[in-house]
There are 2 protein chains.
Amino acid sequence: MDAKTHAKLETRARIMRALAHPSRLFMIEQLAGGERCVCELTEMVGSDISTVSKHLSILKSEGIVRDEKRGAQVFYSITDFRVLRFVRQIELLLAHMLENQMKAADVPQSRVGFAQFLRRTP
Amino acid sequence: MDAKTHAKLETRARIMRALAHPSRLFMIEQLAGGERCVCELTEMVGSDISTVSKHLSILKSEGIVRDEKRGAQVFYSITDFRVLRFVRQIELLLAHMLENQMKAADVPQSRVGFAQFLRRTP
DNA sequence: TGGCCTCTTGGCCAATCGACCAAGAACTGG
DNA sequence: CCAGTTCTTGGTCGATTGGCCAAGAGGCCA
């Protein structure tokens with residue numbers, strides 16, 4: 001693995017890591033509906049405000065969100081809504097992977113459809 | 001944040017976390033070219049074989065790769081190639097976010113194009 | 001069988017993460 | 001100016017991560 005390749009993968013990994021936390025994903029979903037100040041997000045997430053602030057700074061450091069100070073409040077918003085499409089794709093990915101697992105399981109007579117499987121595992 | 005929402009986000013986050021490591025992303029890229037046994041991947045990554053094995057088990061536990069034992073070797077392969085498209089999308093995302101940052105920077109006379117910017121920061 | 005190869009697992013350790021609290025910076029309104 | 005609100009930052013602490021080594025399971029072949 002040469003240095004250039006490693007640098008590129010390191011960058012990819014940093015983005016992934018920034019998105020790899022439920023609270024951060026939650027805030028991104030909330031910001032999909034428009035900008036929010038830190039105290040609003042704190043209320044929604046339910047953690048300490050300092051925790052939320054740090055989560056936001058992680059997202060900001062990766063360029064995923066942008067902040068704008070207005071008075072005493074700081075409003076955060078999504079810089080590129082494509083990131084939203086990106087994180088939501090995981091749902092599709094999961095569905096496909098589940099489907100593959102079903103196939104691999106080699107269910108006799110294929111009596112268990114994917115839809116039924118999904119229904120049974122909420 | 002209700003329990004159902006949290007569970008869904010937790011799942012998304014787990015996938016992200018599994019992908020949030022340079023070596024794991026590297027192995028996924030390598031597996032794009034077809035199945036590989038652990039020792040081949042170890043050779044490519046350059047870490048200890050036990051480290052590589054653990055990385056693979058993380059990817060496997062999230063259903064991203066599949067393993068098949070043949071003799072003394074264990075061959076890993078990608079379960080759904082959509083995951084490849086997914087991780088590669090980060091490049092596009094990054095490009096768009098950089099572009100946004102350029103706009104936000106409010107460069108006078110817009111003399112610095114995005115392409116030039118990219119060239120200057122390898 | 002015995003030695004070799006391949007891989008996984010457990011143990012250990014340093015580094016990082018994520019939570020909260022406390023302190024303080026910055027703005028607002030009385 | 002002072003009190004109150006909003007937010008960030010530093011500190012601390014337990015949990016998790018990621019690396020290597022050592023041990024052992026399991027397959028292959030002389």
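Numbered from 1 within each chain, the chains take letters A, B, ... in sequence-line order.
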Open item on the list: Between C1' on dC7(C) and CZ on R36(B), what's the gap in Å once rounded to a whole number?
Closed with: 18 Å

Open item on the list: Between P on dT16(C) and NZ on K54(A), what's the gap in Å once rounded to a whole number?
Closed with: 16 Å

Open item on the list: What is the distance, to the nearest angstrom, from the CG atom on D48(B) to the P atom on dC7(C)?
Closed with: 13 Å

- [ ] Give a yes/no answer on whether the side chain of Y76(B) brings an N or O atom under 4.0 Å of OP1 or OP2 in dT8(C).
- [x] yes

- [ ] For dC20(C), take OP1 and OP2 only and decide whether either is under 4.0 Å from a side-chain N or O of T51(A).
- [x] yes

Open item on the list: So for S50(A) and dC7(D), does any side-chain atom that can act as donor or acceptor lie under 3.5 Å from a complementary atom in the base?
Closed with: no

- [ ] Among the candidates dT6(D), dT9(D), dG18(D), find the nucleotide nearest to the side-chain atoms of S53(A).
- [x] dT9(D)

Open item on the list: Counting distance alone, no hydrogens or angles: does the base of dC20(D) have a donor or acceptor under 3.5 Å from a partner atom on the side chain of S47(B)?
Closed with: no

Open item on the list: Check this one for me: any side-chain N or O of H21(B) less than 4.0 Å away from OP1 or OP2 of dT16(D)?
Closed with: no

Open item on the list: Just so I know, are the side chains of E35(A) and Y76(A) near enough to count as touching, which here means a heavy-atom distance under 4.5 Å?
Closed with: no

Open item on the list: Between H55(A) and dC17(C), is there a contact of a side-chain N or O with OP1 or OP2 at under 4.0 Å?
Closed with: no

- [ ] Could you pick out which residue, R70(A) or I49(A), lies toward the 5' side of DNA chain C when each is mapped onto its nearest nucleotide?
- [x] I49(A)

Task: Pair R88(B) + E29(B), salt bridge at N-O below 4.0 Å - done: yes

Open item on the list: What is the separation between atom CD on E35(A) and atom P on dT6(D), rounded to the nearest whole Å?
Closed with: 16 Å

Open item on the list: Measure CD1/I58(B) against C1'/dC7(C) and give the value in whole Å, please.
Closed with: 16 Å

- [ ] Rounded to the nearest angstrom, tell me the gap between atom CZ in R17(B) and atom P in dT16(C).
- [x] 18 Å

Open item on the list: Distance check, rounded to the nearest 0.5 Å: L92(B) atom CG versus M97(B) atom CE?
Closed with: 11.0 Å

Open item on the list: Does K69(A) reach a base, just sugar-phosphate, or nothing at all? Heavy atoms under 4.0 Å.
Closed with: sugar-phosphate

Task: Whole angstrom value for the distance that separates P of dT8(D) from CG of D67(A) - done: 7 Å

TODO: Determine the sole option in I28(A), L56(A), I58(A), I78(A) for which the side-chain contact (heavy atoms from CB on, under 4.5 Å) test with I64(A) is passed.
DONE: I28(A)

Open item on the list: What contact category does F75(A) fall into here, base, sugar-phosphate, or nothing, at under 4.0 angstrom with non-hydrogen atoms?
Closed with: nothing

Open item on the list: What is the separation between atom CD on E10(A) and atom P on dG18(D), rounded to the nearest whole Å?
Closed with: 11 Å

Open item on the list: Is there a side-chain contact (heavy atoms from CB on, under 4.5 Å) between R85(B) and Q89(A)? Walk through the geometry before answering.
Closed with: CA-CA 11 Å; R85(B) 196 155 49 81; Q89(A) 265 190 290; 4.1 Å; yes

